[in-house]
A.B. asks: 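Quick one: the structure is below, and I'll ask about it shortly.
By convention in this document, chain letters (A, B, ...) are assigned in the order of the sequence lines, proteins followed by strands, and residues within each chain are numbered from 1. Basis for what follows: all heavy atoms, side chains included, without hydrogens, waters or symmetry-related copies.
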Amino acid sequence: MGYQNNIAYLQQLTAAFFEEAYEQLIPTHTINVNVIAKDIDGDYSIVLFPYLKRFSTNPQALGDQIIQFLKAKKIPLQKAEVVKGFLNLTFESAFYDARLNEMFGEGSAFGSSASNGKTVIVEFCSPNTNKPIHLGHIRNILIGWSMSSILEFAGRAVKKVQIINDRGIAICKSMVAWKKLADGATPDSQSIKGDHFVGNYYVQFEKLFQKEYTDWQSGAGLDVYKSLKKEDESKEGFFKRYKNTYFNEYSQIGKEAREMLQQWESGEESVISLWKTMNGWVYDGFDTTYQALGVNFDKLYYESETYLRGKSTVEQGLVDDLFYRKEDGSIWVDLEEYGLDQKILLRSDGTSVYITQDIGTALQRYDDYAFDQCIYVVADEQDYHFQALFATMKKAKYSFSDQLYHLSYGMVDLPSGKMKSREGTVVDADDLITEVIAEAKANAKDSPNLQEITEEERAEVYNRIGLGALKYFILKVAAKKRMTFDPSQSVDMQGQTGPYIQNAYVRINSVLSKSDVDSITLSGEYTWSNQEKNVLILIDSFPRVVQESASEYDPSKVAHYAFDLAKEYHKFYHEHRILTAETDAAKVSRLLLSEVTGNVLKTSLRLLGIEMPERM
RNA sequence: GGCUCCGUAGCUCAGCUGGAUAGAGCAGCUGACUUCUAAUCAGCAGGUCUCAGGUUCGAAUCCUGACGGAGUCACCA
């Protein structure tokens with residue numbers, strides 16, 4: 001846990017220099033230390049430009065001063081020179097032996113931070129219970145899961161939660177359609193996964209509704225069109241716009257769904273019972289998908305259990321004069337002081353809206369965990385909603401309102417454009433998972449390295465490789481950016497992919513298993529090559545990458561790092577013999593380098609929710 | 001229209017708290033497996049970092065403005 005990486009080390013030394021030579025305190029993190037580009041001589045460089053004016057000196061003079069300082073401190077430098085305003089430093093080879101020994105000593109904890117005593121809640125996934133999980137949820141889940149792992153590794157106590165949108169008009173639609181059409185069918189009787197089963201009835205409802213609406217448009221709806229249309233508005237445009245109003249005011253089947261919602265709210269026993277049954281089917285289906293993805297949660301919050309608390313909180317806020325009531329009875333909050341708008345908190349009929357239950361849920365969570373931070377992993381289409389939610393909590397003076405954070409990620413597009421359920425272009429999560437694993441199997445089944453293991457073990461290897469490809473493909477893109485998901489690219493296993501990284505680990509694993517060397521401590525007998533130093537410098541930077549990924553809420557940093565490291569290792573592997581190295585010193589050095597690299601690769605992928613196969 | 005985000009190679013993406021000659025992967029072309037796992041490696045080719053100004057020793061990165069794309073501005077979630 002005490003590992004200090006080389007960049008931080010040099011920053012600290014430079015700060016100490018400025019303090020000693022100029023009696024100036026310069027914050028260490030502002031000192032610009034970089035790993036030197038490959039084609040320039042040296043390991044690290046300190047950028048001197050920022051200090052020239054301030055200390056009225058020139059690069060050469062300042063550089064020389066720092067060099068003298070470092071020499072006096074007995075820093076093991078092999079070379080130090082000033083080049084065009086940069087102080088370029090090369091450590092002695094033996095310095096890296098010591099660093100590698102340290103990294104090895106940390107074992108699988110290398111890169112982690114000691115607990116900082118903070119509790120962080122990460123909310124992710126959070127599906128509706130009326131349809132199965134799709135590609136959009138997968139990105140959400142992978143970001144949420146990975147972020148949780150990274151934060152935990154970086155020293156926080158993490159609780160993974162979801163808010164399940166288990167009530168409301170959507171699930172009632174599925175229930176109405178089931179009652180009309182199912183004739184008692186169940187997921188078991190039809191051999192369909194529960195969430196898909198319920199989702200099918202949701203689709204059936206929409207079909208019935210659409211037919212009813214279309215019929216109406218050429219009958220009674222015509223008069224409505226004529227009397228309400230805007231100037232020059234086409235029939236098509238009008239009826240598109242009018243759909244919600246039709247649903248609420250005219251639709252027969254819409255009325256059935258709304259009545260069911262009212263019966264639900266008033267606790268009508270038969271409705272509650274059907275609701276429980278159908279949601280139960282959905283949860284069984286979800287569980288299967290979570291298991292396939294290898295994720296789980298510490299606690300599930302249900303909207304049906306938190307919305308009442310949201311309502312009463314809003315009503316109390318009205319009494320406390322934080323909110324106001326309009327003439328029609330709806331309750332609003334004025335967020336202009338936060339640069340936002342008026343926002344509705346309760347409908348005129350007293351029922352709750354989206355933000356209402358979010359208020360209740362946040363309070364419930366704070367009661368449960370007294371969190372230091374609560375992170376909501378939700379797509380960027382809801383940016384405004386979360387601004388409004390957080391501002392409302394602030395206005396209501398909740399102590400934790402500044403500890404709420406919206407991890408806003410970009411939505412997933414297909415090469416053909418946006419996913420649209422109406423056009424059937426939504427990529428189903430279960431299908432996708434099945435497909436990537438099948439692809440991995442197709443690639444791996446003839447591998448000579450998988451012949452000696454059992455069928456079960458082989459299946460596990462296909463699993464890890466397929467999911468590794470899928471997860472890496474999604475997580476390598478910066479969370480906040482919108483991404484294009486090309487299904488054919490997502491199953492690629494060459495180049496910048498999960499399997500490429502897994503392959504580097506498998507190679508290491510294979511070499512280590514053939515080695516006869518037990519415990520190793522290096523003592524500088526071997527001089528590292530440049531390529532080996534590239535790997536050493538990279539593994540040294542791992543703790544820094546983890547910190548960055550955590551503080552920027554972005555798993556893609558870890559993803560790119562894992563690839564960079566695998567790439568450097570593959571290159572090293574080609575250029576150097578390990579088990580049959582020139583000398584024993586070279587052999588043990590390379591073995592230790594390989595082992596630490598393997599550790600870091602495994603940890604990196606674990607932080608992304610990807611498991612390593614032992615062979616492939 | 002207001003606000004927010006995005007624009008880097010044919011495609012998918014890094015680099016953005018200012019640093020050295022803008023990088024990967026895929027796709028294309030050429031090579032390397034009797035040798036520790038070739039899901040690998042080496043090489044070739046591919047760029048007006050959307051555009052125009054500004055800030056400065058230095059700008060893909062920061063500022064301003066345009067252009068292009070997306071999201072949002074619901075008594076939906």
A.B. asks: Can you tell me if A/Phe86 is stacked onto the base of B/A20, using a 5.5 Å centroid cut-off and an angle below 30°?
C.D. replies: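 Check passed, A/Phe86 stacks on base of B/A20.
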A.B. asks: Rounded to the nearest Å, what distance is computed from the NE2 atom of residue A/His406 to the P atom of nucleotide B/G71?
C.D. replies: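 Distance, rounded to whole Å: 16 Å.
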A.B. asks: In terms of side-chain geometry, is the basic nitrogen of A/Arg577 or A/Glu582 positioned less than 4.0 Å from the acidic oxygen of its partner?
C.D. replies: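 Salt bridge: no.
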A.B. asks: Below 6.0 angstrom between ring centroids: does that apply to A/Phe390 and A/His406?
C.D. replies: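 Between A/His406 and A/Phe390, which both carry aromatic rings, the centre distance is not below 6.0 Å.
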A.B. asks: Phosphate oxygens OP1/OP2 of B/U37: is one of them under 4.0 Å from a side-chain N or O of A/Lys514?
C.D. replies: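 A/Lys514 to B/U37 OP1/OP2: side-chain N or O found under 4.0 Å.
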A.B. asks: Just checking A/Asn34: does its CG atom have more than 12 heavy atoms from other residues, nucleotides or ligands closer to it than 6.0 angstrom?
C.D. replies: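 It does: A/Asn34 CG has more than 12 such atoms within range.
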A.B. asks: Any base atoms under 4.0 Å from A/Tyr354, or only sugar-phosphate, or nothing? Heavy atoms, all strands.
C.D. replies: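 Result for A/Tyr354 = base.
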A.B. asks: Is the CG atom of A/Asn530 crowded by more than 12 outside heavy atoms at less than 6.0 Å?
C.D. replies: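 Open.
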A.B. asks: What is the distance from CD of A/Gln489 to P of B/A27, rounded to the nearest Å?
C.D. replies: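 Between P of B/A27 and CD of A/Gln489: 9 Å.
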A.B. asks: Whether A/Arg482 contacts B/U12 is assessed here as follows: a side-chain N or O lying under 4.0 Å from the phosphate OP1 or OP2. Is that the case?
C.D. replies: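 Looking at the OP1 and OP2 atoms of B/U12, neither is under 4.0 Å from any side-chain N or O of A/Arg482.
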A.B. asks: Mind calculating the distance between CZ (A/Phe485) and C1' (B/U12) to the nearest angstrom?
C.D. replies: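 Taking atom C1' of B/U12 as the reference, CZ of A/Phe485 is at 12 Å.
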A.B. asks: Taking only the side-chain nitrogens and oxygens of A/Arg347, find out if one of them lies under 4.0 Å from OP1 or OP2 of B/C76.
C.D. replies: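 Yes, such a contact exists.
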A.B. asks: Does the aromatic ring of A/Phe49 sit over the six-membered base ring of B/G19, closer than 5.5 Å centre to centre and tilted less than 30°?
C.D. replies: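 Stacking between A/Phe49 and B/G19: present.
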A.B. asks: Using a heavy-atom cut-off of 4.0 Å across all strands, would you classify A/Ala170 as base, sugar-phosphate, or nothing?
C.D. replies: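 Nothing, no heavy atom under 4.0 Å.
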A.B. asks: What's A/Asn34 touching, base or sugar-phosphate or nothing? Going by heavy atoms closer than 4.0 Å.
C.D. replies: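 It contacts nothing in the nucleic acid.
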A.B. asks: Under 4.0 Å, heavy atoms only, any strand: does A/Phe473 hit a base, just the sugar-phosphate, or nothing?
C.D. replies: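 Since no nucleic acid heavy atom lies under 4.0 Å of A/Phe473, the category is nothing.
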A.B. asks: How long is the line joining CD1 of A/Ile344 and C1' of B/A74, in whole Å?
C.D. replies: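 Answer to the nearest Å: 9 Å.
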A.B. asks: How would you label the contact of A/Val353 with the nucleic acid (heavy atoms, under 4.0 Å): base, sugar-phosphate, or nothing?
C.D. replies: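 Sugar-phosphate contact only.
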A.B. asks: Starting at NZ of A/Lys480 and ending at C1' of B/C6, how long is that distance when rounded to a whole Å?
C.D. replies: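 My rounded result for the distance is 8 Å.
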